[in-house]
Every structure is written in structure tokens, then in C-alpha cells.
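Every heavy atom of this structure was used, including side-chain atoms; hydrogens, water molecules and symmetry mates were not. So you know, we letter chains A, B, ... as the sequences are listed, proteins then strands, and number each from 1.
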Amino acid sequence: MSITERLTEGVRTALANAGLPEPPTCVWEVPRQPEHGDYATNAAMTLARAAKKPPRQIAELIVKHFPSLPEVERLEVAGPGFLNVFLAPAWCAGALREILAAGDHYGRSEAARGRRIRLEFVSANPTGPLVIVNARAAAIGDSLARLLRSQGAAVTTEYYVNDAGTQFEALARSFEARVLQELGQPVPLPDNGYPGDYLIDLARDYVSECRAKGADGMQALESRVVGSERERLEHFGRWAVARILEQQRRALRDYGVEYDVWTSEQRDVRDRGLAEQALEALAARGLTYEKDGALWFRSTEAGDDAGDEKDRVLRRSSGEVTYFAVDIANHHYVKFADADRVIDLFGPDHHGYVPRLRAAMQALGHPAEAFEVLIVQLVTLLRDGQPVRMSKRRGEFVLMEELLEEVGRDAARFTFLTRRHDSPLEFDLAVATRQSSENPVYYVQYAHARIRSIDRQVGEQGIAVPPLEKADPSPLTAPEEQALIKRLLQYPEVVRGAAQALEPHRVAYWLSELAAAFHPYYKNHRVIQDDRRLMLARLALCATVGRVIRNGLELLGVSAPESM
RNA sequence: GCGCCUGUAGCUCAGUUGGAUAGAGCAUCGGACUUCUAAUCCGAGGGUCGCAGGUUCGACUCCUGCCAGGCGCACCA
């Protein structure tokens, strides 16, 4: 049980003893000012109306009837009715040993045990390489998966491959044109084609691979380019998608992001006839109608509050199902098949699409809270203060690989994770590169490296150290030491809060604060010294800080270096 | 025109689900290395929380209306 849970229990007991009603919730916060205690609650103020007593009086009653707990040194009533809790130093120091014993388990919980979560992120069209905003979504999505798993949830991460439909065809046509150009034929790039140089490179690869197979290969190629349109698009499209997907997968792997599932729109949804099945399910609920030869979804009736009060097409008059229809099927039959909660990370260009998808999910019987969409806002890339224009269509962009090369994986991930996902982000490449040594990520990592360095010194000096989780922490009486320990005790609740709110940036900020508490301590107090009892206690404290930094950085997918 | 996101220190961003005197990093200025790593530490300056109302014991946080920027409003995805 966490500290705040214990405190909440104490408050409830006190209220019961005092004959007062219980609050619906008891929210604890860590006050900004140390003199306001280690934890504070406004329970008395929220109770004032129901109890018909002034807040301060209620708080006094809580203090009077509060049970004796080993965690608590004293309680104070302050301000308009705050209840401030001061933790007992001896208990805090003792908790250090429990953290060390918990090891990489510290910060984990079973709060989400039994929850099955499907988490989709990045899912860029397989029509080009990944770019910077994809790196942002990858960092957030991957960290979310780690956070949710740390709370016991069974998370399946998914990359949805949009390998069908209009954009797939555009890619296929563009690639075919590049192949023909490579063969010396002066064919133009189609309208709405993809002009990027990467397709020229791919076409060159394609042709040289055919050539490498000798006469057979070239013959196969020649028969391909004269096939029916459907055959040609299928062949060139599949080939290009497979290559581009492989590039994307490699870039993500270099970034430390691996997926559990790569869903193919064509293979896993369309070929299984799930779209038609979804349309029937909606029709059975009376939520579709025919108009102008097309099949429509009664979006507004189903709760689509996008504001434009328009119904949405599910099947075009041409007979083709829309992306929307396929997506409904994907969510309903594929994602929800083995999950009770579905989370999608979308770009801001898709936010208008969310209400209709949400409406469709609810129409198909999924509770509103079971389907969540996080909008990951755009990254404005600056180079020397000037915005870098990016357009996949015009073939101008900064690749995810280039970002990694310039600023590094850890710095890139940490930077993305120090912003809320729904906040637009400015990323100045020149600044990030030039000032990389002053990036907050290095501040946190350096704290870890310093701790490791102490361990190395201990080893080199031949100092015998018994298992630190059994060390006596009572010599840790300095204010900085007490403050560090109390901060370490907050970690599990920070992680839980971040997981619950789907906000990994909370962990990143908290780690910076932990490092900010450690560095001055390191400066002012020598760990290795003659007083053996004190040294062992400090070694235990440092080991705990190092452990928590490792655990926290792991949740962000950032490495904890042994030395820097 | 309608909808979504954003607006907090010179810059980039946090702000604990409505709490106490609004914070961090960078940048600027001034100090600290004979000692476990100076990618560090100590100190200083810097604010009409876009604007105006409202809700209440209390508002950066919630509501309404404006202003500014970004994005979206297809039988595209």
C-alpha cells in the first residue's frame, strides 16, 4: 500500500471516530513549500459543506482522531483548512531498504492487472520514410506502453499499415513511373504522385535486382510492365511498400521501438471481409442508409459531434468501401477482439476524424471510455531559428534517421517526452546539436553515471561492502538526505499518475527534479569516507537514487549510462 | 463560417486533475575544481499566466465572450 493510501485510510478512520461524513475522495499533493509538510490534503475544505462545519474545525478534528501511524511524525492544520503531514524520518530511512530490495520492481504496481490494452502509434503511410513528427509519436507511444505495462496491464503495441486504397495506388503508380524512367522511358510522374527522391533510389534497386537475376529477371520485368493495370499496380505497389516498410521498421528499431503487431489493412481487414461485416452490423442497428448510390453512416445521430453535422460515406457509389469503413472494422473486429481498451495516437490532421470513429465504436457497443485518441501535435522543426518546410508530397522533409544521427536517440526521446503530447513543439536542430551537453537528459544521465563512478571507486579502493539493502540508514540525518529519501518515496505514485493520465512527460520531469536534488548532495557530502556506518548508509542512498533513475529512464526508453 | 489544439519569464516548456508566496531548462550577469566525474555546484536579475467578465473560502486550472497562432471541415487517408 502506498503512503497516500495509508494516509487516506488514516483520515477516514479519524473522520469515522469524529462522527463526520467521509469525503468522496481524498486527494494528496506534495506541497511546494517544505514547511507545509511532505504531503497535504484539502479533505477538510471539501467536507465543509456536507459537515456544516468550518474547514479548520474539521481539520482539527481529523488531527485529534488521527490514528498513530509509523509513517507519520506529526500533523498540522494550516491556512484555510489544509491538513499537512510530516513524515517520520526514521520510517523514511527504513523505507530505503525496501526500495533497494524491490530493485527494478520499484515503481511497478498491479493497479491495471487484467486490463488488456491495444495501443497504436506512428502508423505512417507506407509511402515514404518516417519523419520527425513520427519520432515524437514513437517516443510517446513506446513510453506509454512501458508505463501501462509497469502497472500490470497487458499491452499490445500496433503499427497499422495503410497498404490499400487511394494513397497506395498513388504510390504504386509513382513507383512504376520511376521504374520505367530507370529503364530509359520518358514517362511522367502521375498527378498526385510522390515526387521524393527515395522512389528513384528504390526504382534503381528494383531494376538492378532484376538485372542481377540475369535474363530471367529482365524478362520478368518486361512482362510486368505490360501487364494489366491491376496487376501492375499490385506488383509495383507491394514491392515498394515492402521496401519502405522495412526502412520504417529499421528506423524504429534504431530508435528502440519494437512493435508487437504489424496490421496490414489489406491482409488483416479487407481480405477477411471485415469491412462488409462492419457495414452489416451498423445496418442492423439502423445506422446506415443509401443515398446517391452510396452507403452512409448516420454519424450525427450516433453521436458524431464534429460540429459539421454531416453524415459519412461508408461505401462509395463506385462500390469501394471507404477508409472510414475499413477503420471501423479494424477497431471493432481486430483491435477490440483481444483488448478491452483501445488507444490510438493520431496526428492533428486527423482530429476531425475522431468523433465519427468514436460514434461508430459506441454504436457497436463499446463504452465511451474504452476508446481513446491522443492527438500528438506537430513538431515545427527549426534550423538556426528558421522553420524547415516539410511536405511528404513535395518530397521535402527531415528524416527520423537524420534526427537520430544529429541529436542522438536518448536526447531525441527525452526531448519529445518533456512536452505534453497535445502541445505543439518547436525543435531547433542547431540548438539541440550545439547545446546537446546541456540537454536535461544528460543532467539525469550524469547523476546515474556519477553514482556508478562511486561504486567503481569503492571497488578500486578494496572497500568491503555488505548487501546495501541491509545497511543501517539511521545516519542519514542531513536535510538533503531526508529530502532525497522523501522524493524517492514519491516515485511509485508519479509513475501511476503518469500511466493513469497517459502522460509520460511527468516521469521525465520528475527524474530531472530527482537529479536536481542529487547533484548538490553529491557536491556537498562525500560518500566514501572514514566513518564506515555513514559511508554504508550513503552508499545505500546513492544506490537507491541510481536504481530509481534506471527504473524511470527505462520507462522513457532512455539509457542509463555507466559513465559519461 | 463551424470544430479541435495552443497562448505562462528574452527563448523552449512544466504547473500535482480547483489549493497556500506561479516554476524548470536555456540565454544573460557574478562566483566555485588539490577531494567519489565541473555534462556539476552556489548566487542574481527576469511575470498584467493572451484580454474581459463569471462561478467560490480559493482560478494558470472550470464556464461564457472576444483576440492571436496552428490544424481540420471529401464518395482522400
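A residue-by-residue look at Ile528(A) and Pro348(A) shows that Ile528(A) has its nearest nucleotide of RNA chain B further toward the 5' end. The 5' end of RNA chain B is approached more closely, in terms of each residue's nearest nucleotide, by Ser512(A) than by the other of Trp296(A) and Ser512(A).
Within 4.0 Å of Asp163(A), counting heavy atoms only, lies no atom of the nucleic acid at all. When heavy atoms are screened at a 4.0 angstrom cut-off, Val27(A) is found touching the sugar-phosphate backbone but no base atom. Among the heavy atoms of the strands lying under 4.0 Å from His519(A) are primed sugar atoms or P, OP1, OP2 only; no base atom is included. Residue Ala40(A) is classed as a base contact, given a heavy-atom separation below 4.0 Å to a base. Contacts of Thr166(A) with the nucleic acid, taken as non-hydrogen atoms under 4.0 Å apart, involve only primed sugar atoms and P, OP1 or OP2. Pro80(A) comes within contact range of at least one nucleobase, with a heavy-atom separation under 4.0 Å. Base contact: Ala449(A) has a heavy atom under 4.0 Å from a base atom. No contact: Phe427(A) has no heavy atom under 4.0 Å from any strand. The residue Asp292(A) sits close to a base: some heavy atom pair falls under 4.0 Å.
The side chain of Lys523(A) contributes no N or O atom lying less than 4.0 Å from OP1 or OP2 of A32(B). Residue Ser318(A) has no polar side-chain atom (N or O) positioned under 4.0 Å from OP1 or OP2 of C75(B). Distances shown here put a side-chain N or O of Arg32(A) below 4.0 Å from the OP1 or OP2 atom of A20(B). Within the structure, every side-chain polar atom (N or O) of Arg356(A) is placed at least 4.0 Å from both OP1 and OP2 of G3(B). The phosphate of A39(B) has OP1 or OP2 within less than 4.0 Å of a side-chain N or O from Tyr446(A). Under 4.0 angstrom from either OP1 or OP2 of U6(B) there lies at least one side-chain N or O belonging to Arg420(A). Between Arg56(A) and C57(B), a side-chain N or O to OP1/OP2 separation shorter than 4.0 Å is absent.
Taking atom CZ of Phe414(A) as the reference point, atom C1' of C13(B) lies 13 Å away to the nearest angstrom. The separation between Asp422(A) atom CG and G7(B) atom C1' is 13 Å, rounded to whole Å. The CD1-P distance, from Ile454(A) to U40(B), rounds to 16 Å in whole Å. The separation between Asn134(A) atom CG and A77(B) atom P is 19 Å, rounded to whole Å. Taking atom NE2 of His505(A) as the reference point, atom P of U12(B) lies 18 Å away to the nearest angstrom. Going from atom NE2 of His525(A) over to atom P of C42(B) covers 11 Å, rounded to whole Å. Distance Leu425(A) CG to A14(B) C1': 13 Å, rounded to the nearest Å. Per the geometry, OH belonging to Tyr509(A) stands 11 Å off P belonging to G25(B), to the nearest Å.
No hydrogens or angles were tested; on distance alone, nothing pairs the side chain of Thr418(A) with the base of C13(B) as donor and acceptor under 3.5 Å. Not a single donor-acceptor contact under 3.5 angstrom links the side-chain atoms of His350(A) to the base of G72(B). Between the base of G72(B) and the side chain of Asp349(A) there is no donor-acceptor pair shorter than 3.5 Å. Counting atom types as modelled, Asn42(A) pairs no side-chain N or O with a base atom of A20(B) as donor and acceptor under 3.5 Å.
Across C33(B) and A27(B), the matching C1' atoms stand 24 Å from one another, rounded to whole Å. Taking atom P in both U16(B) and C62(B), one finds a spacing of 10 Å when rounded to whole Å. Comparing the C1' positions of G7(B) and C49(B) gives a spacing of 10 Å, expressed to the nearest Å. Using C1' as the reference atom, C36(B) and G70(B) are 50 Å apart when rounded to the nearest Å. Remark: the separation of the C1' atoms in G54(B) and G45(B) is 37 Å, to the nearest Å. For the P atoms, the distance linking U48(B) with C11(B) amounts to 12 Å, nearest Å. For the P atoms, the distance linking U28(B) with U64(B) amounts to 44 Å, nearest Å. Comparing the same atom, C1', in A14(B) and in G47(B) gives a spacing of 15 Å after rounding to whole Å.
The pairing partner recorded for G72(B) is C2(B), the criterion being a Watson-Crick or G-U wobble arrangement whose two distances lie under 3.5 angstrom. For U56(B), there is no paired base (Watson-Crick or G-U wobble, both distances below 3.5 Å). Under the Watson-Crick or G-U wobble criterion, with both distances below 3.5 Å, U12(B) is paired with A24(B).
Here the nucleotide nearest the side chain of Ala501(A), chosen from C75(B), C42(B), U17(B), is U17(B). Here the nucleotide nearest the side chain of Gln167(A), chosen from A77(B), C5(B), G25(B), is A77(B). Out of A74(B), C76(B), U16(B), the shortest distance to the side chain of Val30(A) is found at U16(B). For Gln33(A), whose side chain is taken as the heavy atoms from C-beta onward, the closest listed nucleotide among G25(B), G72(B), U21(B) is U21(B). Nearest to the side chain of Asn162(A), among C75(B), A77(B), U12(B), sits A77(B). Taking every side-chain heavy atom of Ala78(A) into account, A20(B) is the closest of A20(B), A14(B), A77(B). Side-chain atoms of Arg450(A) lie closest to U40(B) of the nucleotides U17(B), G72(B), U40(B).
Stacking of Arg312(A) on the aromatic ring of Phe297(A) is not recorded, the 6.0 Å distance cut-off and the 45° axial limit not both being met.
Between Val376(A) and Phe121(A), every side-chain heavy-atom pair lies at or beyond the 4.5 Å cut-off. A 4.5 Å side-chain heavy-atom check between Val321(A) and Arg270(A) finds at least one atom pair inside the cut-off.
In this pair, Tyr491(A) and Trp510(A) present their aromatic rings tilted. The plane angle is within the 30 to 60° band. Ring pair Phe371(A)/His331(A) is perpendicular by interplanar angle, where above 60° counts as perpendicular and below 30° as parallel.
Look at Glu503(A) and Arg420(A) and you find no salt bridge, because none of the NZ, NE, NH1 or NH2 atoms lies under 4.0 Å from a carboxylate O.
One finds the OG1 atom of Thr127(A) at 11.0 Å from the CZ atom of Phe168(A) (value rounded to the nearest 0.5 Å). Between the CG atom in Leu83(A) and the CD1 atom in Ile58(A) there is a gap of 11.5 Å [rounded to 0.5 Å]. Taken from CZ in Phe82(A) to CD in Glu76(A), the straight-line distance is 13.5 Å, to the nearest 0.5 Å.
Per the stacking criterion (ring centres < 5.5 Å, plane angle < 30°), Tyr443(A) does not stack onto the base of G25(B). With centroids closer than 5.5 Å and planes inclined by less than 30 degrees as the test, His36(A) and the base of A20(B) pass as a stacked pair.
More than 12 non-hydrogen atoms from other residues, nucleotides or ligands lie less than 6.0 angstrom from CG of Asn524(A).
For U17(B), the base adopts the syn conformation, since its glycosidic angle falls within 90 degrees of zero.
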